K.L.:
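Mind having a look at this structure? Questions to follow.
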Amino acid sequence: MKDGKCIKCGAETVHMQENGIGGLYGLDVFDGRSSEKGKALTYACVTCGYFENYIIDPKKVKTISEKWKKV
Ligand SMILES: [Zn+2]
C-alpha cells in the first residue's frame, strides 16, 4: 500500500491521508483500562475500497508495545 500499489486488487490507485478513516482525531487505542485517540495514517485504494490504518503517534505505539500481548 505504501508504495502506491493496492495489496488487494493490484491497482496503483492508493491515496493517503492523516486520520483519513476512523476519526478526525485518530483512533482509540486501548491501554488496558481506557483508551485515548492516537494519530493514524490511512492508505486507501479508490479502485476496490480497501484501506489500512497505521498508528503513528509515538506515545500510542509505546502503549501498545508495553500493554498489549506480543503475538
Ligand atoms: Zn484496491
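One-based numbering, in listed order, for ligands and for the atoms of each. Worth saying up front: this structure is predicted, and the values here are computed from it rather than measured.
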K.L.:
To the nearest 0.5 Å, how far apart are NZ in Lys2 and CE in Met16?
P.N.:
9.5 Å
K.L.:
Got a sec, which residues hit salt bridge (charged side-chain N to carboxylate O under 4.0 Å, His left out) with Asp28, two or more places apart in sequence or on another chain?
P.N.:
Lys37
K.L.:
Are Tyr50 and Tyr54 connected, step by step, through hydrophobic side chains (Ile, Leu, Val, Met, Phe, Trp, Tyr) whose heavy atoms are closer than 4.5 Å?
P.N.:
yes
K.L.:
Sequence neighbours excluded, which residues qualify as salt bridge (charged side-chain N to carboxylate O under 4.0 Å, His left out) partners of Glu66?
P.N.:
Lys62
K.L.:
Show me the pairs that pass side chain to side chain donor-acceptor pair (under 3.5 Å) and involve residues 6-19, at least two apart or across chains.
P.N.:
Thr13-Thr47
K.L.:
Check step by step if side-chain contact (heavy atoms from CB on, under 4.5 Å) holds for Tyr43 and Ile7.
P.N.:
CA-CA 11 Å; Tyr43 290 82; Ile7 61 166; over 6 Å; no
K.L.:
Under 2.8 Å from the Zn ion (ligand 1), protein N/O/S atom count?
P.N.:
4
